[in-house]
Amino acid sequence: MLSPKVLFRILNQCLVAGMMGLSVCVVQAAPETERTAEVEPVGLVLSGGGARGFAHIGVLKALEELRVPVDLVTATSMGALVGGAYAAGLSPEHIERITLGVHWPSMLAPRPEREQLAWRLKEDDRLGLGLAEVGLTKRGLLFPSEVIPAHELEMFLERSTAPVRQETNLNRLSIPFACIATDLRTGESVVLQEGVTLPQAMRASMSIPGVFAPVRLNGRLLVDGGLVDNLPIVEARKLGAKKLIAVNVGTPLGQVGEFSSIVDFTGQMISILTEQNVKTSLMHVGGDDVLITPDLSEFNSADFEKAEQIIRVGYEATMAHKERLQRYSVSPQVYEQWRGQHRLATSTQEQYRIDSVRVEGVTHANKDAVLGSLDMDISKPVSVSDIEESARLIWADGHYSSVPYRFEPGPNNTEVLVFEPKEKEWGASTLRIGGNVQTNFRDNHTYNLLLAHTMSWVNAWGAEWRNELQFGHERGFLTQWTQPLGAGSPWFARPFVDYRWLPFDVYDQGDHPIAQYRTEKFQTGIKIGRSIARKAVANVDVGWIELKTVEEIGTLNMGRKLNSPYVGGQLWYDTLDNASFPTKGLYVEADAWYYWGHDRERSSFSNSNGTYRVSAMLPIALNRRWTLTLNGEIGRSDTPGYFNLGGVFKLSGSPFGRFSGSNMEFGRISLTRRLKGDWSGLDMPMYGGISFEAGRAYDSNDFGLKMSDRDWKQSGSLFVGADTWIGPMYLVVGHTRGHSTSLVFYWGRLPL
C-alpha cells in the first residue's frame, strides 16, 4: 500500500502532466492571432517612373494575395502616390479603382475645360493666341515655372486622401510612410515625414522640373525626389526595415536613335540622374531582400492611358517572386487581423453645411470679385464635387495656377469654406504670342504674327488693359480697357482704339490678279456689354469710324474714303469644347455697324451705310472618333473687298484671298476622325478628314468693269491635322472646281 506522501507525489505529477498536455493541446488548437515580436520589420520601397509607376498597384495586389504584411513604406514620385495611399489605409483595389477612373487628359491639361473658361479667354481663342504666357515684371521677363498646372492634380490628391489629409506626421499613418523630394536650391535629398501632410508630400515628391511647379514647403523649394533618390532603400533601412521588398519601375536610358524631340532629350537627362542614384541604392539590397523589376519595356512614363495593362505587369512580376515572398507570408488569420488594423474606412463626408465662404491669400485679385466667380448655393448642403467645381471656375478665370481650399469650424456644426487661390508667380502683366502661316510651297505664302500684352487687376473691380500689335499679311493695332461695372459684375464698359490694314487682290475671270488694293479701317469708341454665364457676350457700341480703300497696283478706280460716326452691336455665343477640333458645343457670332457721313470719293456712298456679318459652327459627335461639323457665314458691306474667300477650308485649293468683295456667302461641311496615335507619343492628338465647301464673294457695285463674279464656287479637301502644344497644324490637299488645286501647310488657329 502506497504511503500518503508517495500517493500525493504521483497525483501531483499526473496533474502537472495533464496540465502540460492540455496546454500543448490548446496551443495546437488555438488559431494564430498576431505576428510574434521576433518578426523582423518588412519595408516596402517603391520607385518613381511616371505612368510606369502604376505597376506598384499590381505589386500591392499580389502582396495582398500572398498575405505579405509590411511595416513601413518609403517611396519617390509616382511611387509616393501609390505608396502613400496604401500607407494611409486604402486597399490596392480601391487605389486601382481611383486610378482607372481618372481622366488623365483633363488631369494633365494645360488649362481648364474650355466650356468653363472666362469669356475673355474665349476671345483669345478666336484671335488665335497661344496658351504660353511670359510675365513682364520690373526684373524683366519672367517665364512660368510649369508646363502643366497642378490644380487638378492637387484636388485629386486632397480628395483621394481626405480621411487623413490633416495629419502632419506621416509616421502616424496606418503604415508609417516617408517619401523623398529634392531641394532645388541645394540639390539635397529631403525626407518628407514630419511637419507635412500626405497630399503635400505626394505633390512635392512628384514635382518633375519644368513640368509641374516646385513646391514651397517649410522654407524649401522642392522638386521630384527621383533626381537624388529614386529608390529610397537606404531611407527604409534608417526607419527600421530589416527586410526589404523593393520595386524599381524607373525608365531605363534610351538609345541615341530613339531621340526625336526636346521631350526625348529632357527625359533622357532625367533618366541619367535617376539611374545613377538607383545603381547606388541597389548596392544596399541584401540576400534576404526581394527586388522586383517589372518588364515595362513596352511602356513609357507618359502612358497614363495604359494604366490597366501596366498594373497587370506589376502583378505578374511580383507573382514571379512568389516563392521568395512566401517567407514573409503569414497565416490567413494573422493577415486578416493585420489588414483590419491597417485598413482605413474609405467613406468620406459627402455633404457639408457651409456657414460662409471666404477667400484668402490673394495679392492682386479682389476677394469679392473672386467670390463672384462662384456658382454655389450654400443655403443647402453642398458636396465635395460642388466645391471642386467652384474651385475650377475660379481657376478658369485665368489668373491662378491652382485654387486649393480648406475648411474651418463654423457655428452650430457648420463649416467655413476657405478658398486660397495661388496667383501666377509670373505676375498679372503678361505677354502672349499668336499668329498663323499658310503656304502652298510654290507662289502663295502668307503669315501673321500677333503680340498681345495684358495687364490684369488694374483696379479693385478687376479692370483689364489689353494691347495688341499684328504684323504680316494683315496689320493692326488695338488698345482697349475692359472695366467691369462692379467687383465680379457681368456688366462691363470697354473704350477702345482699333486700326486694321488688309490687302486684297482683284482678279479677272481667270486666276490672274490685275490689281492690288488695301482696306484700312480706323475705329474708336466705347462698348457697353454683358457676359452671360461664360457662354455668351452681348454689347452695343458707339464711336467714330474711318474707312479707306486705296489702290496700290492697277487703275480700276475702286478707291473710297469715309469718315463717320457709327453705332453698332455684337453678339457671340461659344460653348465649343475645343477651338480647333471641336466635338460638341455651338459657336455663333453676329456683328453689325451702321454709319453715315460724307464719302469724299463717291457720292453714291454719301447716304447711310452699314456692314454686318453672321457666322456659325456646329460640331456633331457621331461617336468617340468621328465628328461632323457644319459651318456657315454671310456678310454684307458697302466697302469693296471687305470680305474674302480662298485658302484652307475657305474654298480650299484656291490661293488665299482669291475671291473678295463687299458681299459674301459661304458654307462648309466636314467629317473629321481622331486618329489612334498621338503626335510624338504626347497628348497632342492627330486627326484626318474631308471637307466640302461652297461660297462666293463679290462686289455689289462692279464700277462699270463687269467683272463681278456672282457664281457659287465649289471645293473639297483631304486633310490631316494635329493639335500641338504650339498650336494646330494642318496639311491640306484642296481643289476648287474650275480653278486650281494645291497642297497647303497651315499653322495656327483658323478663324471661327
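Along the sequence shown, residues carry numbers from 1.
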Task: Chi angles and distances behind the ring pair (Phe, Tyr, Trp, His ring centres under 6.0 Å) call for Tyr687, Phe581 - done: CA-CA 8 Å; Tyr687 301 84; Phe581 299 94; 4.2 Å; yes

Open item on the list: Show, in sequence, the C-alpha distance, side-chain angles and deciding distance for Phe649 and Tyr746, and conclude whether the ring pair (Phe, Tyr, Trp, His ring centres under 6.0 Å) test is met.
Closed with: CA-CA 11 Å; Phe649 303 141; Tyr746 188 95; 8.2 Å; no

TODO: Take Arg494 and Thr482 through the test side-chain hydrogen bond (donor to acceptor under 3.5 Å, both in side chains) and record every step on the way to the result.
DONE: CA-CA 5 Å; Arg494 176 179 275 182; Thr482 303; 2.9 Å; yes

Task: Carboxylate-amine/guanidinium contact Asp397 Arg534, below 4.0 Å - done: yes

Task: Counterpart residues, side chain to side chain contact (heavy atoms under 4.5 Å, CB included), relative to Leu136 (two or more places apart) - done: Leu141, Ser429, Leu431, His453

Open item on the list: Under the rule for side chain to side chain contact (heavy atoms under 4.5 Å, CB included), what residues qualify as partners of Leu121, not counting sequence neighbours?
Closed with: Leu117, Asp124, Arg432

Task: Set of residues satisfying salt bridge (charged side-chain N to carboxylate O under 4.0 Å, His left out) with respect to Glu425, sequence neighbours excluded - done: Arg216

Task: Non-hydrogen atoms of Pro728 and Ser580 that approach each other most closely - done: CG-OG, 3.3 Å

Open item on the list: Between Asn230 and Thr76, is there a side-chain donor-acceptor contact under 3.5 Å, judged purely by atom types and distance?
Closed with: no

TODO: Please report the closest heavy-atom contact between Met155 and Ala391, naming both atoms and the distance.
DONE: SD-CB, 4.1 Å

Open item on the list: Less than 4.5 Å apart, side chain to side chain, heavy atoms only: is that true for Glu464 and Thr454?
Closed with: yes

TODO: Return yes if a side-chain donor-acceptor contact under 3.5 Å exists between Glu146 and Ser401, otherwise no.
DONE: no

Task: Arg126/Glu589 ion pair, N-O < 4.0 Å - done: yes

Open item on the list: Working to the nearest 0.5 angstrom, can you tell me the gap between Leu157 CG and Leu81 CG?
Closed with: 5.5 Å

- [ ] Look only at the side chain of Thr629 and the backbone of Pro619, and say whether a donor-acceptor pair between them is shorter than 3.5 Å.
- [x] no

- [ ] Could you tell me whether the side chain of His56 and the main chain of Val249 form a donor-acceptor pair under 3.5 Å?
- [x] no

Task: Expected output: side-chain His151 to main-chain Val403 donor-acceptor under 3.5 Å - done: yes

Open item on the list: Under a plain distance cut-off of 3.5 Å, with no hydrogens placed, do Trp104 and Glu305 share a side-chain donor-acceptor pair?
Closed with: no

TODO: Search all heavy atoms of Pro582 against all heavy atoms of Met617 and return the closest pair with its distance.
DONE: CG-SD, 3.8 Å

Task: Exercise: identify the closest heavy-atom pair between Thr575 and Lys122 - done: CA-NZ, 4.4 Å

Task: Sequence-distant partners of Glu474, salt bridge (charged side-chain N to carboxylate O under 4.0 Å, His left out), two or more places apart - done: none

Task: salt bridge (charged side-chain N to carboxylate O under 4.0 Å, His left out) against Lys584, all qualifying residues, sequence neighbours excluded - done: Glu115

- [ ] Please determine, by modelled atom types, if Trp465 and Thr479 share a side-chain donor-acceptor pair under 3.5 angstrom.
- [x] yes

Task: With sequence neighbours excluded, residues passing side chain to side chain contact (heavy atoms under 4.5 Å, CB included) with Gln309 - done: Phe299, Lys306, Arg312

Task: Nearest-0.5 Å distance, CG of residue Leu671 to CG of residue Leu622 - done: 6.5 Å

TODO: Output, in order, the C-alpha distance, side-chain angles, deciding distance and verdict of side chain to side chain contact (heavy atoms under 4.5 Å, CB included) for Phe719 and Leu731.
DONE: CA-CA 6 Å; Phe719 63 89; Leu731 190 63; over 6 Å; no

- [ ] Would you tell me whether Thr736 and His739 have side-chain atoms, one donor and one acceptor, within less than 3.5 Å of each other?
- [x] no

Task: Asp224/Ser77 under side-chain hydrogen bond (donor to acceptor under 3.5 Å, both in side chains): CA gap, chis, key distance, verdict - done: CA-CA 6 Å; Asp224 195 293; Ser77 198; 2.8 Å; yes

Task: Parallel, tilted or perpendicular: rings of Phe745 and Phe441 (30°, 60°) - done: tilted

TODO: Tell me, please, which residues at least two apart from Glu388 pass side chain to side chain donor-acceptor pair (under 3.5 Å).
DONE: Arg159

Open item on the list: Restricting to salt bridge (charged side-chain N to carboxylate O under 4.0 Å, His left out), what partner residues turn up for Lys521, sequence neighbours left out?
Closed with: none

Task: Carboxylate-amine/guanidinium contact Arg696 Glu665, below 4.0 Å - done: yes

Open item on the list: Just to verify, what does His473 make a ring-ring contact (aromatic ring centres under 6.0 Å, His included) with, not counting sequence neighbours?
Closed with: Phe656

- [ ] Report yes or no: do Asp577 and Thr583 form a side-chain donor-acceptor pair below 3.5 Å?
- [x] yes

TODO: Using the test side chain to side chain donor-acceptor pair (under 3.5 Å), find all partners of Gln480 that sit at least two apart in sequence or belong to another chain.
DONE: none

Open item on the list: How close do Leu576 and Tyr587 get, counting heavy atoms only, and between which atoms?
Closed with: CD1-CB, 3.8 Å

Task: Residues in side chain to side chain contact (heavy atoms under 4.5 Å, CB included) contact with Gln516, at least two apart in sequence or another chain - done: Asp505, Glu552, Ile553

Open item on the list: Looking at Asp125 and Arg111, is there a salt bridge between them, counting it only when a charged N and a carboxylate O are closer than 4.0 Å?
Closed with: yes

TODO: Identify whether the distance between the nearest side-chain nitrogen and carboxylate oxygen of Arg203 and Glu154 falls below 4.0 Å.
DONE: yes

Task: Pairwise distance OG1(Thr439) to OH(Tyr447) - rounded to 0.5 angstrom - done: 13.5 Å

Open item on the list: Trp119: which residues meet the ring-ring contact (aromatic ring centres under 6.0 Å, His included) condition with it, sequence neighbours left out?
Closed with: Phe492

Open item on the list: Taking Arg392 first and then Glu113, would you say they form a salt bridge - that is, a charged N and a carboxylate O separated by under 4.0 Å?
Closed with: no

TODO: Check for a donor-acceptor pair, side chain of Arg625 on one end and backbone N or O of Leu675 on the other, with a separation under 3.5 Å.
DONE: yes

Open item on the list: Looking at Val732, is its backbone amide N or carbonyl O close enough to the side chain of Ser717 to form a donor-acceptor pair, meaning the two atoms are under 3.5 Å apart?
Closed with: no

- [ ] List the atom of Trp572, the atom of Glu123, and the distance in Å for their closest heavy-atom pair.
- [x] CZ2-CG, 3.8 Å

